Amino acid sequence: MNILFTCSNGKYAGDAIDLISKIDYVQEIYCADIKQSKYKLSSNLIVPHGREPDYLESILKICLENNIEFIIPGSDKEIVSISKNFDLLKKNNIRTFCQSSEIVSLLSDKAAFFEKLNDGGIPIDFYIPFEWQDLNDYKDRLDYINPEFLIVKPRTSSGSKGVWLIDLFCKENFKIEIIKDRTFKSDLQSCIKHMEDKSINPNSYLVQPYYGPEVYDVDNLFIKNQEKLFQVCRKRVYRDEFSPVNQGCLITSRKEIASYVKDICKVLQIDGFIDLDIVVDKDKKIHVIDASARLSGSITSSAECGVNFLKLILDYYIKGLAPKELKFEECYVIPYEGFKKLNK
């Protein structure tokens with residue numbers, strides 16, 4: 001089988017390509033990106049950005065010309081385009097791992113995603129401000145008791161882009177960039193003033209309590225008809241808490257997170273892969289704070305613990321196969337020319 005792997009310039013794309021190449025039924029991997037690849041690849045194809053109207057036509061042409069039967073899209077915009085064209089791809093005997101367009105659309109809007117979980121009996125504490133002064137009402141709008149910080153974040157961005165960490169106990173006005181042009185920290189009134197001065201639409205943001213730094217990037221493969229979950233948790237061990245790229249993690253498993261994620265998958269009717277960001281607060285309560293239908297950029301890190309999660313995904317989507325259980329040893333990994341395991 002020939003496979004198309006997009007976003008081949010991704011930070012850890014080289015690791016992903018290497019892991020896919022070890023799958024016995026994969027004959028050739030065709031790689032694509034909007035720019036010439038920085039890796040030494042046998043094939044690198046230039047494609048339009050996922051949001052461009054000719055993206056799908058370009059992808060379909062590549063697949064038909066190279067007898068490609070499976071696509072692994074690497075960006076949010078590509079996932080959206082591909083999910084909307086399932087029928088066209090299926091008609092041409094081309095499959096992909098992404099969810100339906102309904103689920104992709106839902107996961108693309110954090111507020112819609114959280115509301116769906118609330119309706120399904122999984123409580124998510126958040127609200128959407130109708131005007132920026134509504135941030136002052138957080139005590140009346142949130143259930144979380146006496147938060148020290150708030151998180152104010154865009155409904156549709158990924159990772160930490162556009163996120164504000166609001167210090168509720170600081171009485172002086174301040175505003176700093178935690179990550180340049182990406183993530184900010186301030187007092188409450190400085191955030192309100194910035195948003196109003198920039199005429200940013202408050203309905204495009206949501207407000208949540210800040211639950212603390214114990215955050216897990218969680219890769220999940222849910223087998224719907226068996227209600228069976230295969231999961232790897234990557235506990236962030238970062239120098240910069242809001243870093244958009246992996247700075248080191250503990251590869252582990254958590255039964256309580258697995259149970260929580262199973263409930264999410266049932267509410268959303270997931271069958272297959274979903275990427276979730278989970279945080280555990282100081283009282284050991286679990287909260288989901290983000291979700292995506294695409295692969296996490298650092299999904300390959302678990303290979304250092306003996307888990308080829310890409311093979312797990314492809315085995316299910318292509319062969320309909322899943323192991324009886326997923327076993328691995330907990331370990332720390334750091335990003336260094338890909339990922340490297342640290343000895344305890």
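Small disclaimer: the values here were computed from a predicted structure and weren't measured.
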Would you check if the side chain of Ser105 reaches a backbone N or O of Ser101 as a donor-acceptor pair within less than 3.5 Å? no
Can you see whether Gln189 engages Asn136 through a side-chain donor-acceptor pair at a distance of less than 3.5 angstrom? yes
Within-4.5 Å side-chain heavy-atom neighbours: Cys249 and Ser301: yes
Lys224 NZ to Leu229 CG distance, which is reported to the nearest 0.5 Å: 15.0 Å
Strictly distance-based, threshold 3.5 Å: is any side-chain N or O of Asn92 a donor or acceptor partner for the main-chain N or O of Ile94? no
CD1 of Ile17 to CZ of Phe5, rounded to nearest 0.5 Å, is 5.5 Å
With a sphere of 6.0 Å drawn around CZ of Phe130, does it hold more than 12 non-hydrogen atoms of other residues, nucleotides or ligands? no
Sub-3.5 Å donor-acceptor pair from the side chain of Asp263 to the main-chain atoms of Tyr260, do we have one? no
With a 4.5 Å heavy-atom cut-off, do Pro323 and Leu312 have their side chains touching? yes
Judged by atom type as modelled, is there a donor-acceptor pair below 3.5 Å linking the side chain of Tyr205 to the main-chain atoms of Ile200? no
Verify the cluster assignment for Phe273 and Ile23: are they in a single hydrophobic cluster under the rule of side-chain heavy atoms below 4.5 Å apart? yes
Mind checking whether Cys98 and Phe86 have side chains closer than 4.5 Å, heavy atoms only? yes
Do Ile3 and Tyr25 have side-chain heavy atoms sitting under 4.5 Å apart? no
In this structure, SG of Cys7 is separated from CG of Asp33 (nearest 0.5 Å) by 6.0 Å
Indicate yes or no for a side-chain donor-acceptor contact from Lys116 to the backbone of Leu107 under 3.5 Å, with no hydrogens or angles considered. no
Verdict with supporting geometry, Asp219 and Asp275, side chain to side chain contact (heavy atoms under 4.5 Å, CB included): CA-CA 5 Å; Asp219 299 318; Asp275 172 46; 3.8 Å; yes
Minimum side-chain heavy-atom gap Ser21-Val26 below 4.5 Å: no
Judged by atom type as modelled, is there a donor-acceptor pair below 3.5 Å linking the side chain of Asp217 to the main-chain atoms of Ser296? no
Minimal heavy-atom distance between Gly272 and Gln99, with the atoms involved, is C-NE2, 3.7 Å
Taking Asn220 for its side chain and Val218 for its backbone only, find out whether a donor-acceptor pair lies under 3.5 Å. yes
Reported CG-to-NZ distance for the pair Leu89 and Lys84, which is rounded to 0.5 angstrom: 14.0 Å
Could you walk me through whether Val307 and Phe230 pass the side chain to side chain contact (heavy atoms under 4.5 Å, CB included) check? CA-CA 11 Å; Val307 179; Phe230 299 95; over 6 Å; no
Same cluster or not: Tyr127 versus Val163, using hydrophobic residues (I, L, V, M, F, W, Y) connected whenever any side-chain heavy atoms lie under 4.5 Å apart? no
For atom CG of Asn146, is the number of surrounding heavy atoms from other residues, nucleotides or ligands below 6.0 Å larger than 12? no
Would Ile274 end up clustered with Phe114 when hydrophobic side chains under 4.5 Å apart are linked, directly or stepwise? yes
Between Asp187 (side chain) and Cys170 (backbone), is there a donor-acceptor pair under 3.5 Å? no
As an exercise, state the distance from CG of Leu314 to CZ of Phe97, rounded to the nearest 0.5 Å. 9.0 Å
More than 12 heavy atoms of other groups within 6.0 Å of Glu57 CD: no
Counting N and O atoms only, with roles assigned by atom type, does the side chain of Tyr216 sit under 3.5 Å from a partner on the main chain of Cys233, one being a donor and the other an acceptor? no
Tyr316 and Asp271: side chain donor to acceptor below 3.5 Å: yes
Below 4.5 Å, heavy atoms only, C-beta onward: do Cys191 and Phe184 meet side chain to side chain? no
Would you check, one step at a time, whether the test side chain to side chain contact (heavy atoms under 4.5 Å, CB included) holds for Cys265 with Glu227? CA-CA 9 Å; Cys265 290; Glu227 293 191 356; over 6 Å; no
Nearest 0.5 Å please: distance from the CD atom of Glu304 over to the CD1 atom of Ile251. 9.0 Å
Are there more than 12 heavy atoms of other residues, nucleotides or ligands under 6.0 Å from atom CG of Leu321? yes
Between Lys22 and Asp18, is there a side-chain N and carboxylate O pair less than 4.0 Å apart? yes
Above 12 or not: heavy atoms from other molecules or residues under 6.0 Å from CZ of Arg95? yes
Is the number of heavy atoms from other residues, nucleotides or ligands under 6.0 Å of Glu148 CD greater than 12? no
Is there a side-chain contact between Val232 and Leu326 (heavy atoms, below 4.5 Å)? yes
Would you check, one step at a time, whether the test side chain to side chain contact (heavy atoms under 4.5 Å, CB included) holds for Asn118 with Phe126? CA-CA 10 Å; Asn118 275 330; Phe126 82 102; 3.6 Å; yes
Student check: side-chain heavy atoms of Leu135 and Trp132 closer than 4.5 Å: yes
Common cluster, Leu150/Leu165, ILVMFWY with side-chain heavy-atom separation under 4.5 Å: no
Between side-chain atoms of residues 72-81 and protein atoms elsewhere (two or more places apart, or another chain), which donor-acceptor pairs fall under 3.5 Å?
unit_1, atom_1, unit_2, atom_2, d
Ser75, OG, Glu78, N, 3.2
Ser75, OG, Glu78, OE1, 3.1
Asp76, OD1, Arg294, NE, 2.9
Glu78, OE1, Thr6, OG1, 2.8
Glu78, OE1, Gly74, N, 3.3
Glu78, OE1, Ser75, N, 3.2
Glu78, OE2, Thr6, OG1, 3.3
Glu78, OE2, Tyr55, OH, 2.9

Could you tell me whether the side chain of Asn308 and the main chain of Lys311 form a donor-acceptor pair under 3.5 Å? yes
Listing, residues 277-291 side-chain donor-acceptor contacts under 3.5 Å, not counting sequence neighbours, or none:
unit_1, atom_1, unit_2, atom_2, d
Asp277, OD2, Arg236, NH2, 3.4
Asp281, OD1, Asp283, N, 2.8
Asp281, OD1, Lys284, N, 3.1
Asp281, OD1, Lys285, N, 2.9
Asp281, OD2, His287, NE2, 2.9
Lys282, NZ, Tyr144, OH, 3.4

